[in-house]
Structures are given as C-alpha cells and as structure tokens.
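Notes follow once the structure below has been shown.
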Amino acid sequence: MTVPTITPYRSAVPEGRDGFAQLVRAEWTKLRTVRGWIIGAIIAALVTMGLGWFAGVGGASSCNSVGGGPARSGKSCAPSFIEGPGGEPVTDNFYFVRQPLAGNGTITVRVTSLTGQLPIMNNGRGNPNQQEQFRPGLQPWAKAGLIIKDGTTPGSAYAAIMVTGDHGVRLQSDYTQDTPGLPGAVSPANPRWLRLTRSGDTITGYDSADGTHWTQVGSVRLGGLPQVTQAGLFTTSPIYQSLTENFGGGSNGSEEPSTATGVFDQVALQDSRPPGAWTGSYVGSGDFSPGIGSYRQAQDRFTVTGSGDIAPVVSGPSGPGGPVITIANLLIGTFAGLIALIVVATLFITAEYRRGLIRTTLAASPRRGRVLGAKAVVIGSASFVTGLVAAAAAVIVGEDIARSRQFIFPVSWATELRIIVGTAALIAVVAVLALAMGAMVRRSAAAVTLVIAIVVLPYFLAIIAALPDSVADWIVRLTPAAAFAVQQAVPAYPQVEAIYSPAGGYYPLPPWAGLLVLVAWAALALTAATTLLRRRDA
Amino acid sequence: MPAALHAEWTKLRTVAGPAWLVAAVVTLTAAVSALAVQANSCPSGAVCAVDTTKLSLTGVQLGQAVVAVLAVLVISNEYSTGMIRVTLAAMPRRTVVLGAKAAVLSALVLAAGVLAVAGSLLAGRLILPGHGFTPAHGFALLSPGTPSVLRAAAGSVLYLALIALLSLGTATIVRDSAVAIGIVLGLLYLFPIVANVVGNEQWHRHLEQVGPMTAGLAIQATTDLRSLPIGPWAGLGVLAAWAAGALAVGGLLLRLRDA
C-alpha cells in the first residue's frame, strides 16, 4: 500500500512582478476608469481656459474711467508705452542739457542742490480747468545728474549717475539696472561730484563728496552704442500719486506730474573734440509724458528743471494709467480648475475608503507607504498634464484675444514659460496635498473643505477681502497660497515708487520660493498621511 | 410634517459632526472678524473710508464655508451610508423629507448665525475704539440699535441660512459630498476672484450682481450704498433665488430619481 503523495497546486502562470511600476500602473488604471474623475479633470481644464479667455476679453477698463490720469490719445483706450532696449515697457521723460560726445570721453559735474514741487491733489475730483497748484516737496526718486545716451529717442540705451530725492547717489542704466552709490541727500553744504566715463561699450560711474577722492560706483556695458553719443545733465521727477488704500482691498490713485530742479556747476566734458555749446530740450513723448522742463545757464552754473521718469513701467492698480492686464490675469481660471482637481484628487483616496476598496488595495500591496507614493505619482502627473494644457491654452490663446482689444503687459518668453509650467506644477502639488489630506481624514467632505480652505481661501482673504497689505503679505508668505507667486508676471522694481501689494499682482516671495512653500506643505501632509496610513487599520 | 421634522432633528442631534461644525461656524466667524478688525486702524488725523460694520462682519466670509459643509453633509451623508433608502422608505413623500431637512437646517444655522454675528459685532465694538475708530473720529460705537447695523447683522444671519439652503440643494442634486462642496465653494468664491481681474466696469458690476456671495454680502454694507453693485436687500434676494433654484432642482431630481 502506498501513501498517495499530494502535490500542492502551483499555478502555471509565472509570478507577477510586484514593483513600484506595477503599483503605478494599477493606480493609473483606477484613475482612468472612473468616468466622473475624467470628466472632473476635463472640466478643470475647460474652466481654467474659459475663464482665462473671459478675463482676456473683459480685462480692459473702459476709456473714460481714469480720473486725474493723463489723457489718452487716439482711438485705442490702451495706453501706448515705449519699449526699452530689453523690450520691456519704459518711461523715458526728462529734461536734457546736452552736447555730442565723440568716442571715448569723460563728463564730470558738481551737484549742489536738488529741490522739487509736488502737486496739490484733490483726489482726482478737482476742476480740470483749474490752474495746477504746487507745494514744495521732493519725490523720493526725483533724479538729477549725468547721462550718456544713445541719441535723444525715447527708449534708447543709456547710462546715468545721479543724485536722488531719498536714495542717495545711484548709477542706473537701460531702465532696469540700479546700483547704489554714496548715501545721503544733496545740499549746498553737502554737494556731490559725479563722473561718467565712456570707454568703448563700457560706461563707468564715479561719485565723490569732495571732488578729489573718487569712488567707482559701478560700470555697465551698453551693447551697440554709436560712435557719437549725447552726454550732459538731466533732471526728472516721477508722476506724483496720491494713493489711498481702500477698505475691501485695492487702492485708488490719482496722478499729477511733479517737478524737480537740480543745480549743477563745474561741468567738464572731455572728449576728442573741442568743447561745444550746450543745448537743452525735453526728451519724451507719448501718453504719459508731462513735457515740463527748462534750463538756465549763468556762467558755469546750470539750473535744470524737469518732470517725468527714466524707469521701467510697473503694472497693477498703481501703474500709470490705471490697471494694465498681465498674463497672470489670464490664469485667473486656475482657481476654478484647482477646485475641480482638488475634488478629484481627494476622491482618488476617500472613494477607496467609502467603497472598502482600500482593503483590497492594501491586501494586494501591503507596503502602505508605497501605495500612497504610487497614488501621489499618478495624481500628480495627471494634474500636471491637465494643468499644463489648460495654462498653455489660457495664456497663448488668451494673449491673442486680449491683444486685439487692449494693452497686455509684454513679458519675455522665459517668464511666460515659467508662468505656464509653474502653474501646472502648482496644480500638481495641490493635487498631491489633497490626496494626502484625503488619506489623513478619510472623509471626502472634510478633506475637500480643508484643502480649499488652505489654498484658495488665503488668496481670497489676501486679495479680495478686507485685509490690509501688511497682513495680506504674510498670508501669501506662509500659506500654500504663496505658490501663486509663480504667476507674477512683472517684477517689482525697487527704483520705482508704487504699491507692490498682492492685490496688484506682486508677491513678497520670489516665484520659485513661493512654489517651494506649497511643496513644503504637501511634503508635510504626505509624511503625516503615510505615518497615519501605516499605523491605523484601514 | 411634524414627525418628519422631529426625525430630521433627531438625526442631526445624535451625530457628533453637526455639533462640531456649528461650534466651528460660531468660533471661526467671530475669530476672523476679530482678526480683521484688529488688523485695521485709522491713525488720528487721517480720513478713513472704512465701513466698520462690514469690517466687523468679515468672518462671515469664512464662516459660510463651514455652513456649506454642514448643509452638504445633512443629505450627502445619507447617500454615502445608504441611510437615504431607510429615510425614504419611512417617509415616502420625498418633497416632505427635503422640506423637513431644509427647515431643521435653517433653524440650526439661524441659531448659529445669531451667535456668530453677535460675537463678531461684540469683537468690533470692543476692539474698534482702540484702533482709532472712535465716536470723536466720526465712527459711532457699533450697536444693534442703529437701523443700518441691525439690518447688516440680521441680513448676515439670513445670508448664512440661505447659503445653507443653496448647499443643501446642490448636495441633493449631485449626491456626493466632495463634489457638492467643490461646487458650492466654487460658486461662492470664484465670482469675486474673477470679477477682480475684469477691468471692464459693466462686466465687473454684472459679475458682482450675479454672484451669490458678492450680491448676498451687499447686505453688510452700511456706508456709501450708492457704490454697491446691487442694493442690500436686492442682493440678498439674488442669493435667495440661487438657493430656491438649487432646492427646486434638487427636489425635482429627488422625486424623479431612484435613491
């Protein structure tokens, strides 16, 4: 008698691989086969694009809205800006006392005084026919000094060294560059000597408090400077804005030109030609040119009065001519898209809890951290792609729509790429945050509310609601809403006086740093979710 | 109907969630209002165009989100647990069920709203004078005796109740808590966010007239009523229309669909 041996059953099918890739594939299958979620993602993309195009159509303010601002000419309501050497919109208005500078050379001057006149504002409600009233006062960024410029065409390349109202000596060039020199205000008792030297394409600026001890402030390269440039003295003073912060966010501005007067002596211009005569003229044209300026020469003493600014244009409610739309406006639909994707990403895990599928998932793949990782990879990538398509379409098509109707602030392609990819990354990281929150609280209602409350509500409170700018600044530094900094289209220039508030599209953090704040929140939530998933029963 | 009301009240009373949410409505509303008041000040000598009543009621803008969650859960929880089938078996007249839910929910939110709004105004009354908003500066102490303040306060309570009804209607339509909350919060917050970038005055104004939150919160304004996109009571009417519409569609679908 033989005992029958029992051979345990072995499946003929080869053992399946149990790697992360298989897990990602399983999660992707779950995501793609739920019709509601795919519809949710499509809705997210469509509303993001649709609202962006809507903002592109309706972004412009109508022509008669700006009280007290400079009048706009022509049929177009859009202000016309001139472009600087870098393609950015600039203002280039100043009074210029000049002579040609042939080849290399040096110009030196002593500035003994900088004074100014500010308009008396009636908050834009004044009688426009009334004679403009002025009071003594100096704009912080009123400028008087030396300039070497590629001709007198507004928007052309230049380098200038100047004394300013409140910011000491500065070396500025090509509108966006600004280097500080000697601090302190200028007065007859405390004059400043300034010097600019051209050597080929390089212009070097020096300053001195006594005319003998010179310090180099900096040197700048101006590519393509012609052989003969215009060099001389200039004075200008930015448009004066009376800004009142409104309850409920935003601010009202009314604008009037201010003037500044600089007094110069000991002017010395050395180049290859015999000294010539000085001529004075106002440089600048366009809608925002005040056109005020004059000069007087008595022996070697020059008194130059001017109005305007040599600076980049800033956007936002405090920019010249009122709100100007930027490509960030075209991405306003991000909020709608985010809400839809937050719902999908939360349901991606909470639906498993509700249906009990989570038990199957964890039985099939018992390493729980890996499961959550795979889910994060899948929902993050899917949201990134959705966001990328939506943001690219919103910006690229929206720009076309907007451009035919109004002025849209030009930005470089690198900025545009950063804004589109950054927005997609923002959406992806928020989706991962929603997934982590869903894994932590396991209830869809609570998770969706929490994520919307920490991502969309801070933006709403900071930008729409009644919080003052100081509070709003902190909200967009610390909360996940900091990531919207990645959508900032126009940089804040310290050398231009304006209200750089979140409501105007200026964030306190640099773009990628803002996104990092959100990434930190998501990483924290994902860590907490992994820990809880490991510890708790499913 | 009284039996239906009693049943709904028992359901609401015997689960821990709603009680916590009601507590959250009251504390969050009052806390955010106090913070907003604390963050604003009017330096002596300056002219401040601040509507102190509206400022003191800022918390409603956050409290409404919690109200929305509470209202959505009243019906969507029944769908997620399958309780809705028991409910409809016990009370086959579906409109009565939805009506009872709406009535009980409104009563609860009205009560919570009274506490939240009273807390906010109290915070405003205590904090404002210390921040330069004194009677000497042209800002009267907040008091429910002032007709405009009373209107703003009572209107804010009604506003919260209408938000609850809008949320209940939306949740009845979509039957899923996450989707319903997404839709309600989107409806509330997207209108002001989008209106903010629309520079065209007419469009901007229309957006604010149509949005349930932007129109409804017009009830909180007590100064410069002319600059409002819509009158206070008309604005609350717009929100009421949204709520009625959502409830009507929800009620119809509840009758027509299988649960």
Side-chain angles (χ1 to χ4, degrees), chain A residues 36 40 47 51 54-55 57-62 65 244-250 252 322-325 328-333 335-336 339-340 342-344 346-347 350-351 354 406 438 443-449 452-453 456-457 459-461 463-468 470-472 503 505, chain B residues 17 21 28 32 35-41 46-52 54-55 57-58 61-62 65-66 68-70 72-73 76-77 80-81 171 176-183 185-190 192-204 206-207 213-214 221 223-224:
Chain A
V47 289
L51 286 177
F54 177 74
V57 176
S61 52
S62 54
S65 65
T244 42
E245 205 178 306
N246 279 353
F247 169 71
N252 269 350
V324 171
I325 87 160
N329 293 32
L330 303 174
L331 284 170
I332 197 66
F335 291 96
I339 290 178
I342 287 171
V343 171
V344 172
T346 312
L347 285 174
T350 54
R354 194 176 133 193
Q406 64 204 310
R443 303 278 290 271
S444 2
V448 168
T449 315
I452 293 180
V456 180
L457 271 190
Y459 178 89
F460 173 81
L461 287 176
I463 282 146
I464 319 285
L467 299 181
S470 54
V471 183
Chain B
L21 287 171
L28 272 180
V32 171
L35 279 178
V37 174
Q38 185 73 31
N40 276 279
S41 62
V47 181
C48 304
V50 174
D51 184 343
T52 48
K54 188 174 173 181
L55 181 63
L57 293 170
T58 306
Q61 296 178 10
L62 187 64
V66 189
V69 178
L70 172 68
V72 163
L73 288 182
S76 69
N77 255 357
S80 71
T81 55
D176 181 280
S177 51
V179 178
I181 286 171
I183 291 177
L185 295 188
L187 274 180
L188 293 181
Y189 294 111
L190 281 180
I193 287 178
V194 172
N196 189 44
V197 301
V198 171
N200 184 311
E201 282 81 359
Q202 268 185 321
W203 290 32
H204 184 95
H206 287 320
L207 274 178
M213 170 179 177
T214 41
T223 59
D224 207 10

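Order of the sequence lines fixes the chain letters, A, B, ..., with proteins taken first and strands second; residue numbering starts at 1 for each chain.
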Study note, to complete from the structure: From the list B:Leu190, B:Val197, B:Asn196, B:Val198, side chain to side chain contact (heavy atoms under 4.5 Å, CB included) with A:Ile332 holds only for B:Val197
Review point. Do B:Trp203 and A:Val57 come within less than 4.5 Å of each other through their side chains, counting heavy atoms only?
Key: yes
Practice item. Taking the side chain as every heavy atom from C-beta outward, state whether A:Val471 and B:Gln38 have any pair of such atoms under 4.5 Å apart. Key: no
Check your understanding: What is the minimum heavy-atom distance between B:Ala178 and A:Val343, and which atoms define it?
Key -> O-CG2, 3.6 Å
Revision key, fill the gap. Output for pair (B:Ser177 OG, A:Arg443 CZ), nearest 0.5 Å, gives 8.0 Å
Exercise for review: Applying side-chain contact (heavy atoms from CB on, under 4.5 Å), run through A:Phe54 and B:Leu207 and close with a yes or a no.
Suggested key: CA-CA 12 Å; A:Phe54 177 74; B:Leu207 274 178; 3.8 Å; yes
**Study point:** Stepwise side-chain contact (heavy atoms from CB on, under 4.5 Å) check, A:Leu347 with B:Val179
**Key:** CA-CA 9 Å; A:Leu347 285 174; B:Val179 178; 4.2 Å; yes
Check your understanding: Looking at B:Leu21, B:Leu73, B:Leu185, which makes the most heavy-atom pairs under 4.5 Å with chain A?
Key -> B:Leu185
Revision key, fill the gap. Value for OG1 (A:Thr449) from CG (B:Leu70), rounded to nearest 0.5 Å, stands at 11.0 Å
Check your understanding: Using a cut-off of under 4.5 Å for heavy-atom pairs, which of A:Leu457, A:Val344, A:Thr346, A:Thr350 has the most such pairs with chain B?
Key -> A:Leu457
Revision key, fill the gap. Cut-off 4.5 Å, heavy atoms of chain B, and the answer for A:Ile452 is side chain
